[in-house]
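Not measured: the values here are computed from a predicted model. Index from 1, following the sequence.
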Amino acid sequence: MAHAKYIFVTGGVTSSLGKGIIAASLAKLLQARGLRVTIQKLDPYINVDPGTLNPYEHGECYVTEDGAETDLDLGHYERFLNVNTSQANNVTTGRIYQSVIQKERRGEFLGKTVQVIPHITDEIKERIQILGKSGDYDVIITEIGGTVGDIESLPYIESVRQLQWELGDNNSLVIHLTLIPFLSAAGELKTKPTQHSVKTLMESGVQADILVCRTEHELSDEIRTKLARFCNVKPEAVIQSIDVETIYDVPNKMLLEGLDRVVIKQLHIETESQPNLKSWNEFVIKHKNPKSQVTIGLIGKYVELQDSYKSILEAFIHAGAENEVKVKIESIHSEYLEVDNVEKKLSHLDGVLVAPGFGERGIEGKIEAVRYARENGLPFFGICLGMQMAVIEYSRNVLGLKESNSIEMDDNTPHPVISLMEDQKNILDMGGTMRLGAWDCKLNGGRVSEIYGNELISERHRHRYEYNNEYRDQLEQAGLKTTGVNPKTDLVEIVEIENHPWFIGVQYHPEYKSTVANPHPLFKSFVAAAATFKSNKNK
């Protein structure tokens with residue numbers, strides 16, 4: 001295709017309807033037809049990026065290869081498409097305004113009064129088209145966060161209106177995701193909220209081309225016709241999105257509803273091929289038909305909100321399907337894990353994953369979980385802070401350095417086995433200042449070399465504190481082996497215990513790189529180890 005086509009996904013009635021999953025599912029269908037597709041997310045909040053947000057606010061912060069701290073929806077995009085995203089795939093209002101203000105300070109507007117229109121909207125349009133102008137993609141799907149009618153979203157909707165006019169006919173379309181609620185007292189599905197939502201969108205000058213209707217009950221032909229008539233869309237463009245067992249069912253549901261066909265027709269895209277979902281469906285079948293089950297304890301301090309560990313949970317789904325094992329996740333709050341109750345809470349598990357995080361709260365519980373797993377031969381996987389907790393636990397209970405700690409938790413610890421990198425010590429700003437994105441790691445024997453099958457790997461990072469190399473020799477001699485280091489900085493990336501069924505801590509975030517097409521090797525191996533542990537336990 002000579003020029004990229006643009007699809008805008010907006011939401012109405014309520015948040016959390018699943019715009020990201022619909023966008024990713026449509027992208028998967030178009031990709032399965034041979035088109036080059038990417039997805040970007042426009043977030044209306046004024047934070048420059050989600051890096052400084054508490055996970056309870058927006059769930060996890062997802063990190064791209066190039067080190068962008070982004071919305072968790074980008075994780076869905078990568079897991080569905082198996083294509084890397086970048087800084088250009090996530091734009092926030094904070095970043096838009098920051099860029100415009102910097103231009104104004106440099107005098108680039110030649111003394112003009114800086115306004116939402118045209119300066120803010122021009123900046124938004126420029127960000128939307130960066131990926132399209134690269135020549136790498138046939139279709140750009142842009143998901144607009146928030147709900148139509150929100151004051152925060154207005155500049156984005158206005159930008160869509162302008163851009164559709166500028167792009168010309170058949171080069172863009174708008175998909176509006178909305179809710180068809182079921183009123184149990186009346187026993188009816190109601191279309192009025194959707195009608196009002198579409199009307200609100202039209203008041204901003206944007207006409208929805210396709211309606212995707214979230215519903216708990218099947219939409220009748222009568223309701224579809226009513227929606228088409230009152231919302232000014234074609235009958236085939238009223239798409240039902242009914243609740244499903246797993247998000248990985250959604251592409252097939254959208255295929256049955258003909259979402260991709262309607263898009264291709266409206267955008268005049270020439271493609272004769274039908275979507276090839278063979279490998280996708282093989283994964284779905286394995287995921288839904290496991291031969292056994294393991295229970296993994298997820299030890300964290302944000303466990304009340306599952307989205308806080310979204311990429312980890314999805315990585316377990318990918319690894320479980322690969323092993324034909326159902327991975328049941330038991331969330332355990334580290335703040336309430338103590339010496340007195342750790343056995344009661346962990347003894348029935350087949351494996352323990354100590355999750356990433358920041359700050360002092362709940363770390364003693366994480367250390368107790370590490371100790372229990374180490375002493376009882378329970379498969380252990382530590383990610384980022386989880387790896388650091390393993391180093392602290394080993395230093396305290398094996399080396400005998402009882403007051404070992406991270407200086408993140410205790411500035412005055414006599415044994416700072418986890419410390420700050422030199423280039424981090426004078427940084428005051430919190431946002432975007434950590435070790436972020438893809439960094440190389442050279443493997444040095446151990447179980448990880450077998451798992452990866454390569455000597456040099458690349459993994460994504462998001463952290464500020466590091467393993468203190470001053471304690472490396474002591475820890476190595478005591479049995480906590482360093483089996484992966486950064487080849488340029490010599491910073492420790494991976495630790496292992498050799499005489500343990502499966503005990504690995506990694507400084508990076510392997511969950512960010514797990515996709516449906518390529519489940520992460522560490523998660524695959526950990527799930528297999530948990531299954532073996534359970535089998536041996538039951539003998």
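- Residues Asn405 and His415 fail the side-chain proximity criterion, which asks for heavy atoms closer than 4.5 Å.
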Show, in sequence, the C-alpha distance, side-chain angles and deciding distance for Ile296 and Leu349, and conclude whether the side chain to side chain contact (heavy atoms under 4.5 Å, CB included) test is met. CA-CA 6 Å; Ile296 303 293; Leu349 300 174; over 6 Å; no
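- Across all their heavy atoms, Lys19 and Leu177 have their closest contact at N-CD2, 3.4 Å.
- In this structure, OG in Ser347 is found 4.5 Å from OH in Tyr372, a value given to the nearest 0.5 Å.
- Electrostatic pairing of Glu282 and Lys278 counts as a salt bridge here, judged by a charged N lying under 4.0 Å from a carboxylate O.
- Considering Phe533, Phe381, Phe503 in turn, Phe381 is the only one that fulfils the ring-ring contact (aromatic ring centres under 6.0 Å, His included) rule with Phe526.
- Side-chain contact between Val492 and Glu466: absent, with no pair of heavy atoms (C-beta onward) separated by less than 4.5 Å.
- Looking at Asp440 and Lys488, no side-chain N of the basic residue comes within less than 4.0 Å of a carboxylate O on the acidic one, giving no salt bridge.
- Under the 3.5 Å distance criterion, the side-chain polar atoms of Thr246 are left unmatched by any main-chain donor or acceptor of Asp249.
- The neighbour count for Lys326 NZ, taken as heavy atoms of other residues, nucleotides or ligands under 6.0 Å away, does not exceed 12.
- Side-chain contact check for Glu493 and His461: at least one donor-acceptor pair (N or O, by modelled atom type) lies under 3.5 Å.
- Not a single donor-acceptor pair under 3.5 Å links the side chain of Asn323 to the backbone N or O of Val325.
- Under a 3.5 Å cut-off, the side chain of Asn281 and the backbone N or O of Leu277 do form a donor-acceptor pair.
- Using a cutoff of 4.0 Å between basic side-chain nitrogens and carboxylate oxygens, Asp490 and Arg472 are scored as salt-bridged.
- A side-chain hydrogen bond (donor to acceptor under 3.5 Å, both in side chains) with Arg460 is found for exactly one of Glu65, His509, Glu511, namely Glu65.
- A donor-acceptor contact shorter than 3.5 Å links the side chain of Asn341 to the backbone of Glu338.
- Considering every non-hydrogen atom in both Leu30 and Ile7, the closest pair reads CD1-CD1, 4.2 Å.
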Between Val417 and Ser406, is a side chain to side chain contact (heavy atoms under 4.5 Å, CB included) present by the stated rule, with each step listed? CA-CA 6 Å; Val417 293; Ser406 165; over 6 Å; no
Donor-acceptor contacts, no H, no angles, side chain residues 441-456, under 3.5 Å, sequence neighbours left out:
from   : atom 1 : to     : atom 2 : distance (Å)
Arg447 : NH1    : Pro501 : O      : 3.4
Arg447 : NH2    : His500 : O      : 3.1
Arg447 : NH2    : Pro501 : O      : 2.7
Ser449 : OG     : Gly445 : N      : 3.1
Ser449 : OG     : Gly445 : O      : 2.9
Tyr452 : OH     : Glu459 : OE2    : 2.7
Tyr452 : OH     : Tyr508 : OH     : 3.0

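- Across Ile39 and Ala23, no two heavy atoms sit closer than the pair CD1-O, 3.7 Å.
- The shortest side-chain heavy-atom distance between Ile128 and Gln40 falls under the 4.5 Å cut-off.
- Around CD of Glu126, the count of heavy atoms belonging to other residues, nucleotides or ligands within 6.0 Å exceeds 12.
- Within a 6.0 Å radius of NZ in Lys328, no more than 12 heavy atoms belonging to other residues, nucleotides or ligands are found.
- Ring orientation note: the planes of His287 and Tyr248 are nearly perpendicular, at an angle over 60° on the 30°/60° scale.
- Salt bridge status for Asp350 with Lys537: present, with a side-chain N to carboxylate O gap under 4.0 Å.
- A donor-acceptor contact under 3.5 angstrom links the side chains of Gln388 and Gln507, judged on distance only.
- Among residues at least two apart or in separate chains, there is no salt bridge (Lys or Arg N to Asp or Glu O under 4.0 Å) pair with a member in residues 402-414.
- Leu385 has its side chain within reach of Lys366: a pair of non-hydrogen atoms, C-beta onward, lies under 4.5 Å apart.
- Taking OG from Ser86 and CG from Leu131, the interatomic distance works out to 6.0 Å, rounded to the nearest 0.5 Å.
- In this structure the side chain of Ser241 never reaches within 4.5 angstrom of the side chain of Lys253, judged on heavy atoms.
- Here Thr489 pairs with Asn486 under the side chain to side chain donor-acceptor pair (under 3.5 Å) rule; sequence neighbours left out.
- Crowding of Gln98 atom CD: a count of heavy atoms from other residues, nucleotides or ligands under 6.0 Å exceeding 12.
- Side-chain atoms of Ser311 and Arg79 include a donor-acceptor pair closer than 3.5 Å.
- Screening Tyr512, Trp502, Phe316 for a ring-ring contact (aromatic ring centres under 6.0 Å, His included) involving Phe523 leaves a single residue, Phe316.
- Rounding to the nearest 0.5 angstrom, the gap separating the CD1 atom in Ile21 from the CG atom in Asp73 is 7.0 Å.
- Closest non-hydrogen pair, Pro44 versus Leu42, comes out as CD-O, 3.8 Å.
- Judged by distance alone, the side chain of Thr92 and the main-chain N or O of Asp43 form no donor-acceptor pair under 3.5 Å.
- Judged purely by atom type and a 3.5 angstrom limit, Asn90 uses its side chain to pair as donor or acceptor with the backbone of Asp71.
- Under 3.5 Å, the side chains of Ser308 and Glu60 contain no donor-acceptor pair of N or O atoms.
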Tell me, with the steps shown, if Gln31 and Val83 meet side chain to side chain contact (heavy atoms under 4.5 Å, CB included). CA-CA 10 Å; Gln31 184 191 59; Val83 173; 3.7 Å; yes
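- Once rounded to the nearest 0.5 Å, the distance linking CD1 of Ile392 with CZ of Arg396 reads 6.0 Å.
- Side chain of Arg214 to main chain of Leu17: a donor-acceptor pair is present (N/O by atom type, distance under 3.5 Å, no hydrogens or angles).
- At distances below 3.5 Å, not a single donor-acceptor pair connects side-chain atoms of Ser525 with backbone N or O atoms of Pro521.
- Classification of Arg371 and Glu393 as a salt-bridged pair fails, no side-chain N sitting under 4.0 Å from a carboxylate O.
- Heavy-atom minimum distance, Ala355 versus Gly300: CB-CA, 4.4 Å.
- One N or O on the side chain of Thr64 and one on the backbone of Ala68 form a donor-acceptor pair closer than 3.5 Å.
- No side-chain heavy atom of Val506 sits under 4.5 Å from any side-chain heavy atom of Met387.
- In terms of heavy-atom proximity, Pro519 sits nearest to Ala319 at CB-N, 4.2 Å.
- By the 4.5 Å heavy-atom criterion applied to side chains, Tyr137 and Leu35 are not counted as neighbours.
- The CD1 atom of Ile494 sits 5.0 Å away from atom OG1 of Thr483, with the distance rounded to the nearest 0.5 Å.
- Looking only at distances, no side-chain donor or acceptor of Glu498 sits under 3.5 Å from a matching main-chain atom of Lys481.
- For the atom pair Thr295 OG1 and Gln293 CD, the distance stands at 5.0 Å (nearest 0.5 Å).
- Side chain to side chain, Tyr77 and Thr38 fail the donor-acceptor criterion of an N or O pair below 3.5 Å.
- With 3.5 Å as the limit, one finds no donor-acceptor pair spanning the side chains of Glu314 and His76.
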